[in-house]
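What follows is a short report on a single structure.
Just so it is clear: chains get the letters A, B, ... in the order the sequence lines come, proteins before strands, and each one is counted from 1. FYI, side chains are in, hydrogens and waters are out, and symmetry mates aren't considered; it's all heavy atoms of this structure. It should be emphasised that the depicted structure is a prediction, and the values quoted were computed from it without experimental measurement.
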There are 2 protein chains.
Amino acid sequence: MIDKKEMKRRGRPRAFDRDVALDQAQALFHAHGYDGVGVAALADAMGVNAPSLYSAFGSKAALFDEVLGRYSDRATLADGLSVPGVDRAEALTGMLRAAAILYATDPTAAGCMVLEGARGADADAAQCARARKATSVAAIANWLRPTHPEQADVVADYTAALMSGMSADARAGAPVERLTAVADMGGLAIAAMLGRN
Amino acid sequence: MIDKKEMKRRGRPRAFDRDVALDQAQALFHAHGYDGVGVAALADAMGVNAPSLYSAFGSKAALFDEVLGRYSDRATLADGLSVPGVDRAEALTGMLRAAAILYATDPTAAGCMVLEGARGADADAAQCARARKATSVAAIANWLRPTHPEQADVVADYTAALMSGMSADARAGAPVERLTAVADMGGLAIAAMLGRN
DNA sequence: GGATTTTTATAGTGATCGATAAAAAAGAAA
DNA sequence: TTTCTTTTTTATCGATCACTATAAAAATCC
């Protein structure tokens with residue numbers, strides 16, 4: 001009984017698909033950033049009137065947070081890290097390479113929405129994005145700690161910083177090759193820091 | 001006859017110091033970003049009315065560009081690179097360290113104004129900042145090319161990307177030690193890439 | 001068929017955005 | 001003093017910002 005479609009609630013039924021609307025919102029946020037898109041454009045792209053948007057999502061910042069949540073949950077960047085017994089340095093370098101390709105492939109969704117959102121001018125939205133970024137950085141550090149307790153935090157911070165810079169380059173229109181080259185070079189520091197365990 | 005104070009121009013004299021006004025504008029832009037500060041706040045901080053601001057600087061974007069120009073010209077980050085015959089890897093790592101300290105020292109001017117401006121939502125302002133960023137990256141690449149023609153471009157891109165990520169962390173309130181640790185680790189990749197020449 | 005509940009659409013809220021029109025004010029040039 | 005030039009001030013401009021009051025529409029419950 002979790003499905004809201006099954007349990008017919010009273011009152012007028014919603015005329016739009018919440019997930020589809022979130023997809024449209026995600027596309028707009030990713031293309032133009034939180035500060036670069038207004039609620040009017042969002043509502044228009046979502047095929048919804050402003051009052052319905054606010055009734056369904058609460059506020060622009062809340063909508064952004066929900067979009068970020070889906071974006072994080074669906075991200076496959078860190079999948080390579082979950083392989084048991086994988087070499088830490090190799091896996092992290094692979095993630096950097098995957099990020100480079102992901103960031104630069106789709107020009108309408110360049111860069112990382114979380115890392116870019118963390119730099120916005122809006123305080124609320126930036127705080128949401130920074131919290132999610134911190135969670136991801138902590139996850140990487142925890143993933144490193146068993147094998148490299150001493151270097152875990154620095155390597156995690158470093159990886160996030162490099163990805164943030166790569167995201168900025170991708171949004172500026174840098175070609176994939178430049179980003180992958182940077183990612184590979186970034187892997188050198190990770191290998192040097194972690195050794196070949 | 002370059003000094004405008006000496007050659008008394010006709011008409012009512014300007015009631016404010018252009019350089020002082022630019023300093024105030026720089027402080028506001030650096031503290032809140034281009035998108036985070038409006039012309040009303042700028043004019044107020046500069047001690048000037050809006051029409052005077054537009055008469056003296058043209059537009060908000062033009063004012064930002066002029067501020068960025070002063071900011072770049074006064075930057076001392078790349079000073080260590082101009083020492084003749086300095087070790088390339090050592091000098092670049094030193095620049096990363098200097099950036100880490102510079103970015104995190106003053107909480108009211110965290111991060112790099114150029115790198116942050118390159119990510120703004122305003123297209124004009126972002127283009128200005130990206131052009132200046134590209135100039136700096138090209139300067140680093142040209143500085144590397146004589147000794148490391150093959151690695152010059154990648155190392156320059158990498159250095160800028162890491163600095164961009166460090167700038168974001170600084171704006172999020174990361175302490176200096178975390179930034180310097182990331183900078184030092186970033187130097188490992190530079191050393192590995194350039195060797196010990 | 002009513003009563004209730006929820007979402008819809010219309011229209012508009014005050015605030016702020018970047019930028020300006022118009023005229024008074026302050027100086028130099030004649 | 002008169003004329004001319006430039007900057008000052010005051011009072012906006014229309015557009016957009018995030019957001020909402022109000023009421024009609026569409027469903028279920030009784």
Side-chain angles (χ1 to χ4, degrees), chain A residues 1 3-22 25 28-29 32-67 117 120-128, chain B residues 1 3-22 25 28-29 32-67 117 120-128:
Chain A
M1 289 302 173
D3 192 1
K4 291 182 179 178
K5 279 280 178 69
E6 291 301 334
M7 52 161 70
K8 297 181 181 179
R9 298 153 42 211
R10 294 184 48 166
R12 180 169 178 172
R14 182 165 283 152
F16 63 95
D17 188 324
R18 208 171 181 278
D19 282 336
V20 174
L22 281 170
L28 242 65
F29 277 136
H32 308 109
Y34 182 85
D35 302 306
V37 56
V39 292
L42 282 167
D44 188 61
M46 296 162 83
V48 165
N49 302 94
S52 298
L53 191 156
Y54 280 91
S55 159
F57 303 103
S59 69
K60 182 191 177 188
L63 170 63
F64 183 63
D65 194 42
E66 194 164 343
V67 166
D122 185 276
D124 288 343
Q127 208 49 41
C128 292
Chain B
M1 290 301 176
D3 193 0
K4 291 182 177 178
K5 280 282 180 68
E6 290 300 335
M7 52 162 67
K8 295 183 183 178
R9 301 158 35 214
R10 295 183 48 168
R12 181 169 177 171
R14 181 165 283 151
F16 64 95
D17 188 325
R18 208 170 182 280
D19 282 335
V20 175
L22 280 171
L28 242 65
F29 277 136
H32 308 109
Y34 182 84
D35 302 305
V37 56
V39 292
L42 282 167
D44 188 60
M46 297 163 82
V48 165
N49 301 94
S52 297
L53 191 156
Y54 280 91
S55 159
F57 302 103
S59 68
K60 184 192 176 187
L63 169 63
F64 183 63
D65 193 42
E66 194 164 343
V67 166
D122 185 277
D124 287 343
Q127 208 49 42
C128 292

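Contacts of B/A123 classified as side-chain contact (heavy atoms from CB on, under 4.5 Å), with partners at least two apart in sequence or in another chain: none.
Taking the six-membered ring where the residue is Trp, A/Y34 and A/F29 present parallel rings, their angle staying beneath 30° rather than reaching 60°.
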Taking only N/O atoms, report every protein-nucleotides 14-20 of chain D pair under 3.5 Å with atom names and distance.
unit_1, atom_1, unit_2, atom_2, d
D/dA18, OP1, A/K60, NZ, 2.5
D/dA18, OP2, A/V39, N, 2.9
D/dC19, OP2, A/Y54, OH, 2.9
D/dC19, OP2, A/K60, N, 3.1
D/dC19, O5', A/Y54, OH, 3.4

What nitrogen or oxygen pairs link the protein and nucleotides 24-30 of chain D at under 3.5 Å?
unit_1, atom_1, unit_2, atom_2, d
D/dA25, N3, A/R12, NH1, 3.3

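The nearest whole Å value for the distance from the CZ atom in A/R14 to the C1' atom in C/dT8 is 11 Å. Remark: P of D/dT6 and CG of B/L53 are 19 Å apart, rounded to the nearest angstrom. Summarising the geometry, the separation between CG on B/D44 and C1' on C/dG18 is reported as 16 Å, rounded to the nearest angstrom. Atom P of nucleotide C/dT7 and atom CZ of A/F57 are separated by 12 Å, given to the nearest angstrom. As a whole-Å value, the separation of B/L42 CG from C/dG18 C1' is 11 Å.
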Are A/D17 and A/L22 close enough, and set up right, to give a side-chain contact (heavy atoms from CB on, under 4.5 Å), and what steps lead you there? CA-CA 9 Å; A/D17 188 324; A/L22 281 170; over 6 Å; no
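Here the closest heavy-atom approach between residue B/A56 and residue B/R18 is recorded as O-NH2, 2.9 Å. Across every non-hydrogen atom of A/K60 and A/V37, the tightest pair is NZ-O, 2.9 Å. Here the shortest heavy-atom pairing between B/G120 and B/A126 reads O-CB, 4.0 Å. Across every non-hydrogen atom of B/D124 and B/A61, the tightest pair is CB-CB, 4.2 Å.
Within the 4.0 Å cut-off from OP1 or OP2 of C/dT8, at least one side-chain nitrogen or oxygen of A/S52 is found.
A/D35 places a side-chain N or O within donor-acceptor distance of the main-chain N or O of A/A121, the cut-off being under 3.5 Å.
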